[in-house]
Amino acid sequence: MVEIELDGKKVEVPEGSMVMHAAESAGTYIPHFCYHKKLTIAANCRMCLVDVEKAPKPMPACATPVTQGMIVRTKSDKAIQAQKSVMEFLLINHPLDCPICDQGGECQLQDLAVGYGGSSSRYEEEKRVVFHKDVGPLISMEEMSRCIHCTRCVRFGQEVAGVMELGMSHRGEHSEIESFVGLSVDSELSGNMIDICPVGALTSKPFRYSARTWELSRRKSVSPHDATGANLIVQVKNHRVMRVVPLENEAVNECWIADRDRYSYEALNTEQRLTQPMIKQGGQWQTTDWQTALEYVANGLRQVREQHGADAIGTLASPHSTVEELYLAAQLMRGLGSQSIDARLRAADFQHDGQARWLGTSIAALSNLQSILVVGSNLRKDHPLLAQRVRQSVRKGAQLARLNDREQDWAMPVAHNLIAPASAWVQALADVAAAVAAAKGVSAPVAGNAQSAPAQAIAQALLAGERKAILLGNAAAHHARASSLLALAQFIADQTGATYGYLGEAANTVGAQLAGALPGPGGANAAQMAQGGLKAVILLGTEPAYDMAGGDRAAKALAQADMVVSLNPFQANLDLADVLLPISPFTETAGTFVNTEGRAQSFHGVVRPLGETRPGWKVLRVLGSMLGLPGFEQDTIEQVRQAALPADVAARLSNATRAAIDTAPFEHQPATASLYQLDGIVRRAPSLQLTADARGV
């Protein structure tokens, strides 16, 4: 540790720290633009100049290393005058368009200009003008004349997103930030550039000119998309979601969110929302009231149970539903006498031992691994924020290996590639297990080619170092031999000292397991229900054509049921449903998501329900009461949550398996969803559907 004197106070910081880090630890604010705690140091704005004793001139705090006994003054006349001079230079060419700037009210330059700017400018020449650029449907670069060349956006692309999509061209007053050769910005994390831009140069294209920051109410929430559980701040005006930005949580999403977390809110305000219960009569949809719709459903379920037995009723629940909704849906089925409920909609292997499959380590630990093996995942697109964590590890020197059916651009160096068709993944992983077993002098769980060069390279990488993980992706989870892949991952992890587990597909993949949204003894799983034969089907947030492994085939089979009830925020399942019940999306209801590391995160509704929409848990609770079933007496969401989640969630998390390993080759392609087709909300977000990822470019 090094001790320095900062504004008269003694401060201890690690050796190699900068003056800025010392100021942060002491709670002293030094004005800055280009410095950002998550990015490398550029030292190109010079706003953080401070007075260092014995230095001939003011020094940039962000790029001046501390030395023992250093004396620094951040508020001396010399420091303040230097900072004011820098501000004068920054404002020479900055346009005076604060009244119409989207960043007005939350602009770092605006805030610091109040403290360090002059009341008039000595510069009388014409201000420079920078031509606007079109970089895609998400980010607006219409006012690049505001840019102060801090290069935060450039460094974010290089270091966090892994893709240098923006850069600085030319020199001096001709410098410009631009995407080269007119390309669009296509990173799945690109919206974070808007957050870190300290001026109004980069703004949100969908939000642009729709509200002022001081008109917006800010409310906390949790992302309903992938299994990261990113923390959000949802900004609201007149009971309408206007914008979504990150809520900083170092343990989960740091200060970033993925573009689908940021822009999917657009779907909540579209005309595709379902706002009234509807019943199909004579092939035509008729709007009705809640009482009539729920009585219709309750009577239909009673009738099916009496005529065909409880086993003829089944529920397909979306893993993007809340824990409370999933728990009550499971209680409804079991109260009726059916064990047929499943949230593993894209799965093909349904072996389960009652334990909840999870990541096997903390999300934060992914940033500091030394060796990583990813099996069956398009890591960058399936889990943008987890990929960003892995990218941090790789930047620090970690060895990244993958087993996949093709090479994909993960925007990070992959040290070892094991490319094999999905049908051969079990054998390919068995080869790695055999190589590990040979190196450790133990017997392999099944026969494998220990001499395979890629398998040996991966085995050596996993045997080296201390912090390592084996991560099973969406394709591995949905593989027809998923349990064999898990068993092999378990053996390799046990022999190498690695953690192992699933990255997790949906917001509540883990929560669905904890809430009991799985078939009980004798119950049908999702694949069996998708083959048809049920007489009554409840679709909780599910669109079979898009969400299930069977796709259109599953939708057609389910449509043969006597009654199909769709609980959805959108006008979904119009072709196969008989009843549409409008339930609230995550912004209009309270609930809980359990992310892939087993962290239960509860949230509240941020706007009132649209039209006649009702929270899903309330609809299920009333339906259970109308059917006279026990366990539906809850008055509050807290009571449902208490019943739904075990007191000790961690005790239920386990990836341990005794499954037999089957390496026989077979033809199978796991069902996975692309980046902007994951769930009903992102599928209906207009701006996301215009991106290169959505168009498949």
Side-chain angles (χ1 to χ4, degrees), residues 188-189 221-232 246 249 251-254 256-261 264 317-323 325-326 343-347 355-367 372 374-390 469-479 482 486 499-515 517-518 541 547 586 591-603 645 649-650 652-655 670-682:
E188 60 285 348
L189 297 170
S221 192
V222 179
S223 168
H225 306 305
D226 63 36
T228 310
N231 290 201
L232 312 175
N249 185 335
V252 181
N253 57 302
E254 300 176 90
W256 318 119
I257 55 174
D259 286 351
R260 66 180 165 205
D261 303 327
S264 64
S318 167
H320 300 275
S321 304
T322 65
V323 164
E325 291 166 354
L326 291 163
R344 299 165 297 174
L345 304 178
R346 295 190 178 97
Q355 297 298 310
R357 305 299 189 211
W358 66 301
L359 184 63
T361 185
S362 68
I363 288 175
L366 299 181
S367 302
I372 309 145
V374 180
V375 180
S377 174
N378 184 357
L379 183 64
R380 176 183 167 191
K381 301 299 182 182
D382 291 347
H383 309 93
L385 292 170
L386 300 185
Q388 183 272 130
R389 293 271 192 183
V390 172
I470 300 168
L471 306 173
L472 300 170
N474 295 352
H478 302 156
H479 199 277
L486 179 62
T499 63
Y500 68 104
Y502 288 100
L503 290 163
E505 179 189 41
N508 242 345
T509 298
V510 176
Q513 300 171 73
L514 295 170
L518 298 169
D547 295 331
F586 77 108
T592 305
F593 293 136
V594 182
N595 74 357
T596 187
E597 66 176 356
R599 181 186 296 261
Q601 301 185 106
S602 297
F603 55 92
L645 282 177
V649 169
R652 285 277 310 280
L653 302 176
S654 174
N655 294 316
T672 56
S674 60
L675 181 62
Y676 298 131
Q677 290 293 319
L678 182 63
D679 59 75
I681 299 179
V682 294

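No experiment lies behind these values; they were computed from the predicted model shown. The chain is numbered in sequence order, starting from 1.
Between Phe603 and Phe586, the angle of the ring planes goes over 60°, which puts this pair in the perpendicular group of the 30/60° scheme.
Asp679 has no carboxylate O lying under 4.0 Å from a charged side-chain N of Arg260, or vice versa, which leaves the two without a salt bridge.
Counting only distance, with no hydrogens or angles, the side chain of Arg344 and the backbone of Thr509 share no donor-acceptor pair below 3.5 Å. The backbone N or O of His225 lies less than 3.5 Å from a partner atom in the side chain of Ser223, making a donor-acceptor pair. Checked by atom type and distance alone, the side chain of His383 never pairs as donor or acceptor with a backbone atom of Asn474 at under 3.5 Å. For the pair Asn508 (side chain) and Pro319 (backbone), a donor-acceptor distance under 3.5 Å is absent. No donor-acceptor distance shorter than 3.5 angstrom exists from the side chain of His478 to the backbone of Pro670, with no hydrogens or angles considered.
Contact of the Leu678 side chain with the His320 side chain is registered, since non-hydrogen atoms from C-beta on lie closer than 4.5 Å. Looking only at side-chain heavy atoms (C-beta outward), Thr499 and Ile470 stay at 4.5 Å or farther from each other. Proximity of Leu189 to Leu385: side-chain heavy atoms (C-beta onward) are separated by under 4.5 Å at one or more points. Taking the side chain as every heavy atom from C-beta outward, Arg357 and Leu472 never approach each other to under 4.5 Å.
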Report task. Using the side-chain contact (heavy atoms from CB on, under 4.5 Å) rule, take Leu471 and Leu366 through it: C-alpha gap first, then chi angles, then the decisive distance, then the call. Result -> CA-CA 10 Å; Leu471 306 173; Leu366 299 181; 4.2 Å; yes
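Pro384 and Glu188 get closest at one heavy-atom pair: CB-CG, 3.6 Å. Counting all heavy atoms, side chain and backbone alike, Asn231 lies closest to Gln601 at ND2-OE1, 2.8 Å. The two atoms that bring Leu514 and Ala356 nearest to each other are CD2-CB, 3.9 Å, heavy atoms only. Listed here is the closest heavy atom pair of Ser654 and Gln355: CB-OE1, 3.6 Å. Taking all atoms of both residues into account, the shortest heavy-atom contact from Arg599 to Ala251 is NH2-CB, 3.3 Å. In terms of heavy-atom proximity, Ala317 sits nearest to Leu326 at CB-CD2, 3.5 Å.
Once rounded to the nearest 0.5 Å, the distance linking CG of Asp226 with CG of Leu503 reads 10.0 Å. Asn655 CG to Tyr502 OH: the interatomic distance, rounded to the nearest 0.5 Å, is 7.0 Å. From Ser377, atom OG reaches atom CG of Asp382 across 4.5 Å, with rounding to the nearest 0.5 Å. Atom OG1 of Thr228 and atom CD1 of Ile257 lie 11.5 Å apart (nearest 0.5 Å). Between the OG1 atom in Thr322 and the CZ atom in Phe593 there is a gap of 6.5 Å [rounded to 0.5 Å]. A distance of 4.0 Å separates CD in Glu597 from CD1 in Ile363, rounded to the nearest 0.5 Å.
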